[in-house]
Amino acid sequence: MTAGAYAHPTISRFAIADGMLRIGGLPVGLLAERAGATPFFTYERTGLTRRVEGLRRALPDGIHLSYAVKANPMPAVVQHFSRQVDGFDVASAGEMAVALDTPIPADRVSFAGPGKTPAELSRAVAARVTISLESETEALRVAATGEWLDVRPRVAVRVNPDFQVKGSGVRLGGGSHVMSASRVARSATLWRSFRPAPTG
């Protein structure tokens, strides 16, 4: 059996020796024995690194590259990417815990998603990760949590335009009425809860 026998591009880039696929220089049979059972997942770190390097080459200089942990939350994979990317995007408390267990600083971890629970918001505020606010209600909860914990929350605001884009088949955030530009402007008092405290 030769590498040419495999038409799938993902498989064909791996070496084959003695009729057995090799990943990371090791035969898959040996990897299966190490895993203890099949099926199992195995990832080649050099392959992951090459993908990130290729993406960086294709992007302009100065781009901040974040990895969405929900794409693959395996701790070993996330740990590896912590040395390749600039930050992490998480969508649950479990993903946040995995991200915070890496060398990436907490302020470069962003927590997004419309279904955050009060418990998750409390953990995020305490950890000082950046919370992407999805609604005014969530903003109020985060502000109250920060006051209770005596921690100034780190937040980001996704602002939807005050108009509908016609012909679009995807609606994010429930439409333009959620955190629209005009509603953000009317919430000046609320946003003072997140403003850096004055010094001097």
Side-chain angles (χ1 to χ4, degrees), residues 52 55-56 59 62-165 168 170-200:
V52 176
L55 180 58
R56 286 200 184 276
L59 295 173
I63 292 292
H64 181 102
L65 189 61
S66 289
Y67 173 68
V69 176
K70 65 183 176 183
N72 188 332
M74 182 179 179
V77 171
V78 178
Q79 283 282 352
H80 180 74
F81 275 131
S82 71
R83 298 185 293 274
Q84 314 296 326
V85 301
D86 305 301
F88 288 128
D89 292 333
V90 303
S92 69
E95 292 177 10
M96 179 171 59
V98 173
L100 291 173
D101 196 33
T102 73
I104 291 286
D107 61 3
R108 284 158 56 189
V109 175
S110 62
F111 186 15
K116 306 182 196 73
T117 67
E120 287 178 323
L121 290 175
S122 181
R123 292 175 66 175
V125 172
R128 290 181 167 84
V129 304
T130 300
I131 302 170
S132 296
L133 300 177
E134 307 293 334
S135 67
E136 290 180 70
T137 298
E138 187 169 272
L140 289 168
R141 287 175 179 166
V142 170
T145 300
E147 184 175 352
W148 177 61
L149 294 175
D150 195 26
V151 173
R152 186 174 294 275
R154 294 180 54 85
V155 301
V157 181
R158 187 187 72 195
V159 180
N160 290 340
D162 288 323
F163 57 85
Q164 297 278 351
V165 179
S168 174
V170 178
R171 295 179 63 185
L172 299 177
S176 62
H177 63 282
V178 179
M179 298 294 280
S180 65
S182 60
R183 293 182 73 175
V184 169
R186 291 198 301 269
S187 301
T189 300
L190 170 62
W191 306 130
R192 279 198 288 272
S193 301
F194 306 114
R195 195 171 297 168
T199 59

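Keep in mind that this is a model prediction, so the values were computed, not measured.
Summarising the geometry of Arg123 relative to Ala97, their closest heavy-atom pair is NH2-CB, 4.2 Å, with the distance given to 0.1 Å. In terms of heavy-atom proximity, Ser82 sits nearest to Ile104 at O-CD1, 3.6 Å. Heavy-atom minimum distance, Val78 versus Ala99: CG1-CA, 4.4 Å. Closest approach of Leu59 to Ile63, counting heavy atoms only: CD1-CG2, 4.0 Å. Phe111 and Ser92 make their closest contact through CE1-N, 3.4 Å (heavy atoms, listed as atom of the first residue, atom of the second, distance). The two residues Val98 and Pro73 make their nearest non-hydrogen contact at CG1-O, 3.9 Å.
Of the possible polar contacts, none joining the Ser122 side chain to the Ala119 backbone as a donor-acceptor pair under 3.5 Å is found. A donor-acceptor contact shorter than 3.5 Å links the side chain of Lys116 to the backbone of Ser132. In this structure a side-chain-to-backbone donor-acceptor pair under 3.5 Å is present from Thr145 to Arg141. The backbone N or O of Leu65 sits nowhere less than 3.5 Å from a side-chain atom of Arg56 that would complete a donor-acceptor pair. Between the side chain of Glu95 and the backbone N or O of Ala91 there is at least one donor-acceptor pair closer than 3.5 Å. Using modelled atom types, no side-chain atom of Arg128 and backbone atom of Arg154 make a donor-acceptor pair closer than 3.5 Å.
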Show your reasoning for whether side-chain contact (heavy atoms from CB on, under 4.5 Å) applies to Asp89 and Lys70. CA-CA 8 Å; Asp89 292 333; Lys70 65 183 176 183; over 6 Å; no
Output, in order, the C-alpha distance, side-chain angles, deciding distance and verdict of side-chain contact (heavy atoms from CB on, under 4.5 Å) for Leu100 and Phe88. CA-CA 9 Å; Leu100 291 173; Phe88 288 128; over 6 Å; no
Set out, in order, the CA-CA distance, both residues' side-chain angles and the distance that settles side-chain contact (heavy atoms from CB on, under 4.5 Å) for Glu120 and Met96, then state yes or no. CA-CA 9 Å; Glu120 287 178 323; Met96 179 171 59; 5.8 Å; no
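Annotation: the span from Gln79 atom CD to Gln84 atom CD amounts to 12.0 Å, rounded to 0.5 Å.
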